[in-house]
Protein chains: 2
Amino acid sequence: MRAPERLRADARRNRELIIDTARAVFAEQGPGATTDEVAKRAGVGPGTLYRHFPDRDSLVIGVVADGLERMLALAVAARAEEPAAWDALSCFMRGCAGLRLDVLSWMARPQADRLAAVPGIRQARATLLDTLDAIVRDAHAEGTMRRDAGAVDVLGAVSLLIRGLPTLPPDLAQDLRERTLELLLTGLRNHPWAPPLGPPMTAEALAARLGGEDFSG
Amino acid sequence: MRAPERLRADARRNRELIIDTARAVFAEQGPGATTDEVAKRAGVGPGTLYRHFPDRDSLVIGVVADGLERMLALAVAARAEEPAAWDALSCFMRGCAGLRLDVLSWMARPQADRLAAVPGIRQARATLLDTLDAIVRDAHAEGTMRRDAGAVDVLGAVSLLIRGLPTLPPDLAQDLRERTLELLLTGLRNHPWAPPLGPPMTAEALAARLGGEDFSG
DNA sequence: CACGAAACGGAGAAAATCTCTCCGTATATC
DNA sequence: GATATACGGAGAGATTTTCTCCGTTTCGTG
């Protein structure tokens, strides 16, 4: 993690491989999965893993940061590619469900401070919220999304949905998650009889309420 | 766990206390929480805990079984007390969100077999599904709930919702969970424009698909 | 009230597990 | 072809946790 800035090609490849594998292993085995298991599944030695991530926490942080960046990329892409804000919203939410970030919030909690200190994370989170806020505002303007739900409602719902149902066979869990997401999208839609929800939970409302605390997807 | 069947008063009290504490501790600290921590927080010695639950797994199973029974009780009570099926449904779902079963499915997974073998659990699960099915059928008949969502959709959604957002301050996490639940309830409502969801996920459909596997809330 | 049985508390043993290091070898880059 | 960079993997070391044991206390009953 020093000067060179420019990793050797195989090093960069391995780093990515390790993060991807770690995400999958954590999703499958839960927060107790070991670093050695991650290394084995990635097909690298423990030594390699530990050169990229000085300790276990760094690996967790790396996975969280990567996940957050993926969510952000998803949001940005959805906004850019979908002409209708509603489509961008549902596209983003569906995409998130595929990220397998299952237990990361549990693993991240003990390192919340360290996590928040990583500059990339703070910024990615802020940008993600801004992007979502923009999508949501557009959807409000479009008249497709109920006005009493805000960007944080979207993010909160997604955070709940991306978790797995580990006692279920994966394909069934997947179906159930997708169906639940569809129900949720219907609930987010702007229709006349939706019972009111109170003031929308926007990025601003969240900031006011948190005063600097953490939100890690 | 032998003959006496009739526990001494303090023993029964402690057993319940331990389960309740364990649920809270697991919800707060995640799956890694130790038995000693549970004992300490419950104000009993480790020895006491281990007389009630011969090993850690048994404790987890005990908590899961208890949680399932509470869900069942909730469903039965909701059905009995609410004249309208829709109200019973939302009452059940709201009640579940308060159970703090956060990480139990993660903890339970390694013991899925053992879990399924506990007679109380198999039966509670079956009864729960039946009860939900009845509520859902009534709600369909009532015209309040969309027909392409079934009892398993309800249970799946609840299973996703009861998880916490541990990196968030508890009260905010609570709000977010409640708001998401409301969105979901709106999505479950029977209204003309809801995009179709495919055939409803009923208890039967689940059984056909699982062929004996596990579903532990 | 007193007696027997059942349950409790807590110190600590024993084991199991995981993280992380070290160094000879292999591979990329120039 | 030379050099720096990265890799693999065996294993040490330390940390942690589970779970037991037994003297003490509490409950239930005659």
Side-chain angles (χ1 to χ4, degrees), chain A residues 1-26 28-64 103 106-111 114, chain B residues 1-22 25-26 28-64 103 106-111 114:
Chain A
M1 310 306 231
R2 230 50 260 267
E5 234 2 84
R6 188 162 198 99
L7 259 48
R8 228 169 71 176
D10 54 348
R12 186 163 281 289
R13 216 181 316 127
N14 270 331
R15 186 174 198 284
E16 239 173 273
L17 177 63
I18 289 170
I19 285 190
D20 286 347
T21 308
R23 181 174 46 246
V25 169
F26 291 148
E28 277 171 38
Q29 311 199 355
T34 68
T35 52
D36 281 18
E37 171 72 14
V38 171
K40 194 166 70 177
R41 287 266 291 266
V44 305
T48 302
L49 191 154
Y50 278 92
R51 191 163 332 90
H52 287 290
F53 304 95
D55 53 33
R56 188 183 204 270
D57 293 353
S58 303
L59 174 61
V60 173
I61 289 177
V63 178
V64 172
V103 287
W106 275 109
M107 310 190 62
R109 205 205 26 173
Q111 284 96 39
R114 223 176 129 187
Chain B
M1 308 308 223
R2 235 37 263 264
E5 244 347 273
R6 185 155 200 104
L7 260 50
R8 227 168 70 176
D10 55 346
R12 186 163 282 288
R13 217 180 316 126
N14 269 333
R15 187 173 197 285
E16 238 174 275
L17 177 63
I18 288 169
I19 287 190
D20 287 348
T21 309
V25 170
F26 290 148
E28 277 171 37
Q29 310 199 355
T34 68
T35 52
D36 282 18
E37 172 71 16
V38 171
K40 194 166 71 177
R41 287 264 292 266
V44 305
T48 301
L49 190 154
Y50 277 91
R51 190 163 333 90
H52 287 289
F53 304 95
D55 53 32
R56 187 181 204 271
D57 293 353
S58 303
L59 174 61
V60 173
I61 289 176
V63 177
V64 172
V103 287
W106 275 110
M107 310 189 62
R109 207 208 24 175
Q111 284 96 41
R114 221 176 129 188

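Order of the sequence lines fixes the chain letters, A, B, ..., with proteins taken first and strands second; residue numbering starts at 1 for each chain. None of these values were measured; they are calculated from a predicted model.
Taking all atoms of both residues into account, the shortest heavy-atom contact from V25(B) to A33(B) is CG1-CB, 3.5 Å. For the pair W106(A) and F26(B), the tightest heavy-atom approach, listed with the atom from each and the gap, is CH2-O, 4.0 Å. Closest of all the heavy-atom pairs between A42(B) and L17(B) is O-CD2, 3.2 Å. For R114(B) against S58(B), the heavy-atom pair with the smallest separation is NH2-OG, 2.8 Å.
Rounded to a whole Å, the CG atom of D57(B) is 13 Å from the C1' atom of dC19(D). Remark: C1' of dT26(D) and CZ of R12(B) are 18 Å apart, rounded to the nearest angstrom. Rounded to whole Å, the distance from CG on L7(A) to P on dT5(D) is 11 Å. Spacing between atom CZ of R13(A) and atom C1' of dA28(C) amounts to 10 Å, rounded to whole angstrom units. Computed from coordinates, the R51(B) CZ to dG23(D) C1' distance equals 13 Å when rounded to whole Å. Spacing between atom CG of L49(A) and atom C1' of dA6(D) amounts to 14 Å, rounded to whole angstrom units. For F53(B) and dT18(D), the CZ to C1' distance is 16 Å, given to the nearest whole Å. If you take CG of D10(A) and C1' of dT25(C), they are 14 Å apart, rounded to a whole angstrom.
For the pair T48(B) and dG9(C), the criterion of a side-chain N or O lying under 4.0 Å from OP1 or OP2 is met. Phosphate proximity of dT18(D) to T35(B): present, with a side-chain N or O under 4.0 Å from OP1 or OP2. Applying the 4.0 Å criterion to OP1 and OP2 of dC7(D), one finds that N14(A) has a side-chain N or O inside that range. Side-chain nitrogen and oxygen atoms of H52(B) include at least one within less than 4.0 Å of the OP1 or OP2 phosphate oxygen of dC8(C). At the phosphate of dT18(D), OP1 or OP2 sits under 4.0 Å from a side-chain N or O atom of R56(B).
For the pair E16(B) and R12(B), the salt-bridge criterion is not met [side-chain N within less than 4.0 Å of a carboxylate O]. Using a 4.0 Å cut-off between charged side-chain N and carboxylate O, R13(B) and D10(B) make no salt bridge.
A donor-acceptor pair under 3.5 Å links the side-chain atoms of R109(A) to the main chain of E28(B), judged by distance alone.
Comparing dC8(C), dC7(D), dG12(C) by their closest approach to the side chain of A11(A) singles out dC7(D). Closest to the side chain of P46(B), from the set dA11(C), dT18(D), dC20(C), is dA11(C).
Residue contacts shown for G32(A) are absent, as no nucleic acid heavy atom lies under 4.0 Å away.
Looking at heavy atoms from C-beta onward, Q111(A) lies out of side-chain contact with R56(A) at the 4.5 angstrom threshold.
Heavy-atom distances to DNA chain D give each of A9(B) and A33(B) a nearest nucleotide, and the one nearer the 5′ end belongs to A33(B). When the nearest nucleotides of DNA chain D are assigned to R8(A) and Y50(B) by heavy-atom distance, the more 5′-ward of the two goes with R8(A).
With the end axes of the helix from dC1(C)-dG30(D) to dC30(C)-dG1(D) each set by five pairs, the angle from one to the other reads 40° at 10° resolution.
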